[in-house]
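Note sheet for the following structure.
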Amino acid sequence: MKQIPMTVKGAELLRAELEELKNVKRPQITAAIAEARAHGDLKENAEYHAAREQQGFCEGRIQEIEGKLSQAQIIDITKVKNTGRIIFGATVTVINVENDEETTYRIVGDDEADYKQNLISVNSPIARGLIGKEDGDTVQIKTPGGDVEFDIVKVEYI
């Protein structure tokens, strides 16, 4: 079985979403189905069909989250000794050599990735290019926008 890398925060967010789906959404959908059934003829009852569709999405998401959590390899980066090497969960500050733009990325699991918050997936081109490198290295990374050269300024395990 393939393990899915996940940060502690990412696992907490998935557990919270699972809790919400099971304890809030699922009962709401069940109540909506019961109410729609009370209106009579189910063949032409749009409310009933919409509620059943919502139920399908909800149950699918519950199964997806439970599957991911069962295969999760939760990594607490704060408990790893900082060697200056970039690993999963590390926060990395880089400078784009071409335009001197400084950016800080945190390498996270696929479900946690949010480029707008500089949380990049471990499977993204930038993360794959950075993993294994060390503080002070210069790396050339192939991105969808072309090759980009970065100087690694700081590696933190926070």
Side-chain angles (χ1 to χ4, degrees), residues 1-34 49-96 101-158:
M1 197 157 39
K2 185 182 174 206
Q3 296 236 306
I4 300 170
M6 197 176 293
T7 65
V8 173
K9 184 178 180 188
E12 287 171 1
L13 290 172
L14 278 181
R15 284 190 194 104
E17 182 182 352
L18 184 62
E19 194 72 22
E20 168 85 10
L21 288 170
K22 284 184 168 182
N23 298 325
V24 178
K25 286 280 193 194
R26 186 187 267 169
Q28 286 174 349
I29 293 169
T30 303
I33 290 172
H49 292 290
R52 290 291 301 203
E53 191 173 315
Q54 273 187 321
Q55 183 182 39
F57 287 129
C58 181
E59 294 303 322
R61 183 65 179 150
I62 288 171
Q63 285 182 341
E64 181 184 1
I65 292 171
E66 286 176 339
K68 286 179 181 178
L69 288 173
S70 71
Q71 296 176 10
Q73 177 185 7
I74 300 171
I75 299 168
D76 187 353
I77 192 71
T78 61
K79 294 185 176 161
V80 177
K81 183 178 183 268
N82 189 342
T83 61
R85 182 174 293 275
I86 300 171
I87 60 173
F88 177 85
T91 301
V92 184
T93 303
V94 295
I95 294 178
N96 184 326
E101 185 177 310
E102 183 175 291
T103 310
T104 300
Y105 296 113
R106 181 154 188 232
I107 301 172
V108 297
D110 290 334
D111 289 315
E112 304 166 74
D114 183 353
Y115 193 76
K116 291 178 182 174
Q117 295 182 12
N118 289 342
L119 301 173
I120 58 172
S121 166
V122 67
N123 296 314
S124 71
I126 293 175
R128 285 193 311 240
L130 291 173
I131 289 193
K133 305 298 186 279
E134 295 183 358
D135 191 356
D137 287 354
T138 298
V139 293
Q140 184 89 15
I141 299 175
K142 289 185 187 300
T143 67
D147 288 0
V148 181
E149 193 170 342
F150 292 110
D151 285 332
I152 300 170
V153 179
K154 184 168 40 171
V155 177
E156 299 173 285
Y157 292 4
I158 51 175

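Everything numeric here is computed off the predicted structure, so don't read it as measured data.
- For the pair F150/N96, a side-chain contact is recorded, criterion being any heavy-atom separation below 4.5 Å from C-beta on.
- Nearest heavy-atom pair, Q55 versus I33, reported as atom, atom and distance to 0.1 Å: OE1-CD1, 3.4 Å.
- Expressed to the nearest 0.5 Å, how far CG of L18 lies from NZ of K25 amounts to 14.0 Å.
- I141 and P125 get closest at one heavy-atom pair: CG2-O, 3.5 Å.
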List, one per line, each side-chain donor-acceptor pair under 3.5 Å for residues 105-116, sequence neighbours excluded.
unit_1	atom_1	unit_2	atom_2	d
R106	NE	G89	O	3.4
D110	OD1	S121	OG	2.3
D110	OD1	N123	ND2	3.0
D110	OD2	N123	ND2	2.9
D111	OD1	K68	NZ	2.7
D111	OD2	K68	NZ	3.2
E112	OE1	T7	OG1	2.2
E112	OE1	G10	N	3.3
E112	OE2	T7	N	3.1
E112	OE2	T7	OG1	3.4
E112	OE2	G109	N	3.2
D114	OD1	K116	N	3.2
D114	OD2	Q117	NE2	3.4

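- Checked against N23 for a side-chain contact (heavy atoms from CB on, under 4.5 Å), the options E20, R26, E19 give a single hit: E19.
- Contacts of R52 classified as salt bridge (Lys or Arg N to Asp or Glu O under 4.0 Å), with partners at least two apart in sequence or in another chain: none.
- Here the closest non-hydrogen pair linking A11 and I74 is CB-CD1, 3.6 Å.
- Here D76 pairs with K79 under the salt bridge (Lys or Arg N to Asp or Glu O under 4.0 Å) rule; sequence neighbours left out.
- The CD atom of E64 lies 9.0 Å from the CG atom of L14; values are rounded to the nearest 0.5 Å.
- Judged as a side chain to side chain donor-acceptor pair (under 3.5 Å), the pairs with a partner in residues 128-148 (not counting sequence neighbours) are, in order, R85-E134, T138-D151.
- Just one residue in the list V94, I86, T93 forms a side-chain contact (heavy atoms from CB on, under 4.5 Å) with V155, and that residue is I86.
- Looking only at side-chain heavy atoms (C-beta outward), R61 and E17 come within less than 4.5 Å of each other.
- In this structure, the side chains of V139 and L130 come closer than 4.5 Å at one or more pairs of heavy atoms.
- Shown here are the side chain to side chain contact (heavy atoms under 4.5 Å, CB included) partners of E53, two or more places apart in sequence or in another chain: F57.
- Partners of K22 according to the side-chain hydrogen bond (donor to acceptor under 3.5 Å, both in side chains) rule, which considers only residues two or more places apart in sequence or in another chain, are E66.
- Side chain of N118 to main chain of T104: a donor-acceptor pair is present (N/O by atom type, distance under 3.5 Å, no hydrogens or angles).
- Using a 4.5 Å heavy-atom cutoff, the side chains of I158 and I77 are not in contact.
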